[in-house]
There are 2 protein chains.
Amino acid sequence: MIDENLLLNHGAKKVAFSKGDQLFREGESALNFYQVASGEIKMNNYNEEGKEFIQGIFSIGQSFGEPPLLANVKYPANAEAISDAEVFQLTKEQFLQLLSSNPTVHLKITTTLAKRLYYKAIMVSEISSQEPEHRILRIIDYLKHVDKVEGEFNYKLNLTRQQLADLTGLRVETVIRATKSLEKKGELQIKKRKVYR
Amino acid sequence: MIDENLLLNHGAKKVAFSKGDQLFREGESALNFYQVASGEIKMNNYNEEGKEFIQGIFSIGQSFGEPPLLANVKYPANAEAISDAEVFQLTKEQFLQLLSSNPTVHLKITTTLAKRLYYKAIMVSEISSQEPEHRILRIIDYLKHVDKVEGEFNYKLNLTRQQLADLTGLRVETVIRATKSLEKKGELQIKKRKVYR
DNA sequence: GAGAGAATATGATTAGGATCATAAAACAGG
DNA sequence: CCTGTTTTATGATCCTAATCATATTCTCTC
């Protein structure tokens, strides 16, 4: 997370989006740096059959879309507002200028990328490993960790079964059945249809 | 890729490993920065049933293992020498010192991470998308791109079917059948058992 | 060039998640 | 409170990659 004033000093614009709006699409050139000011943004792909895969969900203070900007490639996914949302937006030049003028911020961005890479490395091996229950537990644990929640069943998962399915590459029905089975095994709790872990 | 002399000036050691040696294991603390001097290193996971998943294969000039170093987390995978290999090794302190004293190198590392994140984003959505043939084509295209090869069937894939399986999370038999099917469809060629794309 | 080990190949069977169909419960908004 | 929509739930069937078994081809070394 980069300090708001620092962003504004480097020419950031605050842009508002309504729920469902797309900020950019897969295949487009990466032109901007984004940091969420309010609301939630998801990055996702749709495969040939229209099935969604959610790369990540970003909320206040989190930045997204930097990799293609830095790697000089097209966006590998779409960005869409899950709720009404505002984002700080910097052009590529402004962003690179910010990085070079502020080593601390640069290191912070590098660290953020490293963390995400760490997460993706886990996800990709976990997803490839097949077992639905594993996939689900791992992503829940990751989200719990991100939200810095400690202790058993203290973490309430704020995702629908469908979103969980889209994050793991599974089907809703499979997620529903798997979460129930995991509850039976004592790995998680379900109260009022919400998952706790 | 960081210049060899620059690495040595910052206290890098050149360390030799024999084929099959492990440089570090999943779950260990990240202590060093690594860059391949010769040979090839793979990063991999083994799941409960002992099935291997290859996170990536790194050859001369490529660095690996930075994410956990920067993110301050345990290694998410093992590193193992595929062939006899030498690597430059920097301690965490030396590496961070190098980054802070040399913004150009820092940006290069950031860019490298961004590229890998881009690749992982594609792989994770592709792997989740199921279809074996897709997964295989995508990873081949990525490797071709990394090796900067252009033109149809100009790229010779230097991987065994088993390695391809471990990179995609599929089984050898599935990879063998899928590559044959892809050859039939004209998506790739197989000459002397080697895959060309 | 013979023999051993690795890699590729191929058929038969199984298993488990996707898919399809349908229902019921929760929720939002007037 | 009623109504339409979203989310969760559950059974039945299908399909495809995993698994198992076995064979063939290639490669490397002595």
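Reminder, nothing fancy here: chain letters follow the sequence lines and each chain counts from 1. The basis for the numbers below is simple: all heavy atoms, side chains too, and nothing from hydrogens, waters or symmetry mates.
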How close do [X] and [Y] get, heavy atom to heavy atom, and via which atoms?
{"X": "L137(A)", "Y": "R197(A)", "value": "CD2-NH1, 3.7 Å"}
{"X": "F153(A)", "Y": "G186(A)", "value": "CZ-O, 3.6 Å"}
{"X": "A37(B)", "Y": "F88(B)", "value": "CB-CE1, 3.6 Å"}

So which nucleotide from [options] ends up closest to the side chain of [X]?
{"X": "E173(B)", "options": "dC20(C), dT8(D), dT19(D)", "value": "dT19(D)"}
{"X": "T160(B)", "options": "dA9(C), dA18(C), dT8(C)", "value": "dT8(C)"}
{"X": "R193(A)", "options": "dA25(C), dT10(C), dT24(D)", "value": "dA25(C)"}
{"X": "R171(B)", "options": "dT10(C), dT7(D), dA18(D)", "value": "dA18(D)"}

Atom-pair distance ([atom1] on [X]; [atom2] on [N]), nearest Å:
{"X": "E183(B)", "N": "dA9(C)", "atom1": "CD", "atom2": "C1'", "answer": "13 Å"}
{"X": "L170(A)", "N": "dT8(D)", "atom1": "CG", "atom2": "C1'", "answer": "16 Å"}
{"X": "K184(A)", "N": "dA9(D)", "atom1": "NZ", "atom2": "P", "answer": "12 Å"}
{"X": "I190(A)", "N": "dT7(D)", "atom1": "CD1", "atom2": "P", "answer": "17 Å"}
{"X": "K192(A)", "N": "dT8(D)", "atom1": "NZ", "atom2": "C1'", "answer": "14 Å"}
{"X": "D166(B)", "N": "dA7(C)", "atom1": "CG", "atom2": "P", "answer": "11 Å"}
{"X": "Q163(B)", "N": "dA7(C)", "atom1": "CD", "atom2": "P", "answer": "8 Å"}
{"X": "L164(B)", "N": "dA9(C)", "atom1": "CG", "atom2": "P", "answer": "12 Å"}

Touch class at under 4.0 angstrom, heavy-atom based, for R161(A) against every strand present: sugar-phosphate

Want to settle it: does I176(B) or T174(A) sit nearer the 5' end of DNA chain C, counting the closest nucleotide to each? I176(B)

What does the inter-axis angle of the helix from dG1(C)-dC30(D) to dG30(C)-dC1(D) come out as, five pairs per end, nearest 10 degrees? 60°

Less than 3.5 Å between a donor and an acceptor, one on the side chain of R177(A) and one on the base of dG16(C), is that the case here? no

Linked, directly or transitively: M43(A) and L69(A) (ILVMFWY side chains, under 4.5 Å): no

Could you pull out all residues at least two apart from K156(A) that satisfy side chain to side chain contact (heavy atoms under 4.5 Å, CB included)? N158(A), K194(A), Y196(A)

First locate atom CD1 of I2(A), then atom CD1 of I109(A), and finally report the distance between them rounded to the nearest 0.5 Å. 4.0 Å

Examine F24(A) together with Y34(A) and report whether their ring centres are nearer than 6.0 Å. yes

With a 4.0 Å limit, can you tell me whether K180(A) has a side-chain N or O closer than that to the phosphate oxygens OP1/OP2 of dT10(D)? yes

